[in-house]
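Encoded as structure tokens, the structure appears first; notes follow it.
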Protein chains: 2
Amino acid sequence: MEENLTVKILLVDDHPLVLEGLKGLLMHENAIEIVATAYNGKQALEFIKAAHTPIDLVVSDIDMPEMNGIELCKELKKLNHPPQVLVLSVHTSSTMVKGAIAAEADGYMLKNASKEDIIYAIQRVANGSCFYSQEIIPIIYAQYQKEKKTDEQLATLTPREKEILSLIMKELTSNEIAEKLFISRKTVEVHRANLLEKTASKSTIGLVKYALKLGID
Amino acid sequence: MEENLTVKILLVDDHPLVLEGLKGLLMHENAIEIVATAYNGKQALEFIKAAHTPIDLVVSDIDMPEMNGIELCKELKKLNHPPQVLVLSVHTSSTMVKGAIAAEADGYMLKNASKEDIIYAIQRVANGSCFYSQEIIPIIYAQYQKEKKTDEQLATLTPREKEILSLIMKELTSNEIAEKLFISRKTVEVHRANLLEKTASKSTIGLVKYALKLGID
DNA sequence: AAATTAATAAGGGTATACCCTTAGATAATT
DNA sequence: AATTATCTAAGGGTATACCCTTATTAATTT
């Protein structure tokens with residue numbers, strides 16, 4: 001992409017079988033050159049740092065001894081010219097997916113994908129795009145569904161309560177809220193008490209947590 | 001999928017040209033039958049509710065008069081046997097994408113996609129899977145990158161401060177924290193004051209907002 | 001050796017939050 | 001017509017949070 005047309009790849013997986021499988025898959029792609037393989041993140045990182053030929057793309061497993069794929073990705077992205085990183089994993093758990101995204105991985109591919117999908121993903125990521133298995137989107141999706149449920153709980157708050165809650169969130173005291181709304185401090189306190197009860201909070205802290213879940217900030 | 005092999009589709013878009021384009025694209029797919037088209041969400045919803053033939057898949061634009069695609073999706077998913085919904089949009093903004101996900105859309109496809117991708121997406125969603133354009137994942141991705149940045153801010157908190165912050169988040173008072181940690185209430189208050197200063201918070205409310213951003217809850 | 005940072009503790013003071021109860025006015029609902 | 005929900009207000013009381021200052025100890029860093 002930058003100077004040479006062939007994409008230089010480093011494969012990282014602690015299972016020799018998987019490495020062999022990937023090699024077999026990519027062997028016939030003539031725009032792809034597998035420069036090296038590594039058995040864990042540490043080994044991969046050392047190779048990249050010492051390499052005379054720059055690596056364009058790292059395809060890495062997550063579960064590995066010494067240094068896992070997410071840590072590897074984080075370290076790689078700290079480099080001056082970071083390679084693209086495609087994470088290849090069996091995990092569909094949200095923590096893994098989030099971890100990879102937070103580590104700035106350019107792609108997250110599930111290992112049960114078809115040959116075609118894997119080749120497609122590698123080519124996409126190698127070209128500077130990203131690729132995420134469709135299966136992982138419902139995981140992020142689940143996150144938003146939680147919010148949706150609490151959306152209905154918000155409906156149980158009266159308009160005035162919502163108004164006061166949003167002022168509380170702006171770090172206003174009861175006195176300041178009273179002044180702003182031209183009502184008594186005592187009235188504000190009644191609303192606060194009702195808010196605490198409705199949200200089952202022990203203190204304003206719980207209230208703030210509740211409000212943030214609903215996107216009030 | 002359920003009783004008939006052909007997927008019954010309703011197309012929704014306020015631009016006749018787009019409807020024509022979609023029809024043209026899907027015309028030659030013999031597993032697909034375009035049952036009807038609508039110019040906005042309201043029209044589509046009315047059609048679905050009145051239809052004798054159940055609709056398997058609704059392919060809808062977002063920007064439309066009367067009722068937009070996200071509202072339509074929300075309403076559709078409230079039905080007893082909700083159809084699959086594929087949102088088709090020009091928007092790459094995170095609010096749109098999040099909105100669609102929250103509305104339980106089964107797919108989000110960008111309008112600049114290729115013919116093949118559109119057909120692939122429709123078939124995937126029609127089969128009960130989901131499909132999201134790869135381009136939208138970095139949008140959700142951006143969410144997690146924000147967290148990463150604040151991650152470094154957390155490092156400025158001392159271990160003790162982090163410990164106390166997490167107890168504050170559990171709605172414990174200074175007294176309760178003092179008892180738990182076998183230290184004086186006054187010491188806890190010093191830590192609180194330092195936390196407020198470090199996080200530039202006016203009160204505990206700001207502290208809670210800060211902590212939640214970092215995933216402490 | 002000196003300086004900085006972190007954790008600890010304390011006293012005094014004010015404002016705020018939260019608990020309790022009671023109660024009037026309005027509007028919507030049954 | 002009667003009930004219910006909402007918003008309003010108030011008094012009294014306690015606990016908590018937050019402000020100010022000062023100070024000792026230990027560990028780390030310069």
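Residue numbers begin at 1 in each chain, while the letters A, B, ... track the order of the sequences.
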query = Contact class for A:Thr173 (heavy atom, under 4.0 Å): base, sugar-phosphate, or nothing?
reply =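 Sugar-phosphate only.
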request  = Indicate, with a heavy-atom threshold strictly under 4.0 Å, whether B:Asn175 touches base, sugar-phosphate, or nothing.
outcome  =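 Sugar-phosphate contact only - B:Asn175 comes under 4.0 Å of backbone atoms but never of a base.
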Closest listed nucleotide, where the reference is the side chain of [X] and the choices are [options]:
X: B:Val190; options: C:dA10, C:dA17, D:dA9; answer: C:dA10
X: B:Pro159; options: D:dA9, C:dA7, C:dC18; answer: C:dA7
X: B:Glu189; options: D:dC7, D:dA10, D:dA17; answer: D:dA17
X: B:Ser174; options: D:dC7, D:dA17, C:dA7; answer: D:dA17
X: A:Thr158; options: C:dG13, C:dA6, D:dT6; answer: D:dT6
X: A:Leu196; options: C:dC19, D:dC7, D:dC19; answer: C:dC19

ask   = Do the side-chain N or O atoms of B:His191 get closer than 4.0 angstrom to the phosphate oxygens (OP1, OP2) of C:dT8?
value =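 So the side chain of B:His191 is within the cut-off, an N or O lying under 4.0 Å from OP1 or OP2 of C:dT8.
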query = Would you say a side-chain N or O of B:Thr204 is under 4.0 Å from OP1 or OP2 of D:dA17?
reply =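 No, B:Thr204 has no side-chain N/O under 4.0 Å of OP1/OP2 on D:dA17.
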query = How close or far is atom C1' of D:dT4 from atom CG of A:Asn194, stated in whole angstroms?
reply =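 Atom CG in A:Asn194 sits about 15 Å away from atom C1' in D:dT4.
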Nearest-angstrom distance from the residue atom CZ of A:Arg192 to P of C:dC18 =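 It works out to 5 Å between those atoms.
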message = Between B:Leu22 and B:Asp13, is the side-chain contact (heavy atoms from CB on, under 4.5 Å) condition met? List the steps.
response = CA-CA 10 Å; B:Leu22 282 170; B:Asp13 201 305; 5.6 Å; no
request  = May I ask you to decide whether B:Glu46 forms a salt bridge with B:Lys49, counting only side-chain N to carboxylate O separations under 4.0 Å?
outcome  =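 The answer is no: the pair does not qualify as a salt bridge.
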message = So, taking the atom named CD1 in A:Ile177 and the one named CZ in A:Arg192, what distance separates them when rounded to the nearest 0.5 Å?
response =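 If I round to the nearest 0.5 Å, the distance is 5.5 Å.
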task = Taking atom types as modelled, find out whether A:Glu71 and A:Asn68 have a side-chain donor-acceptor pair closer than 3.5 angstrom.
result =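 Yes, a side-chain donor-acceptor pair sits under 3.5 Å.
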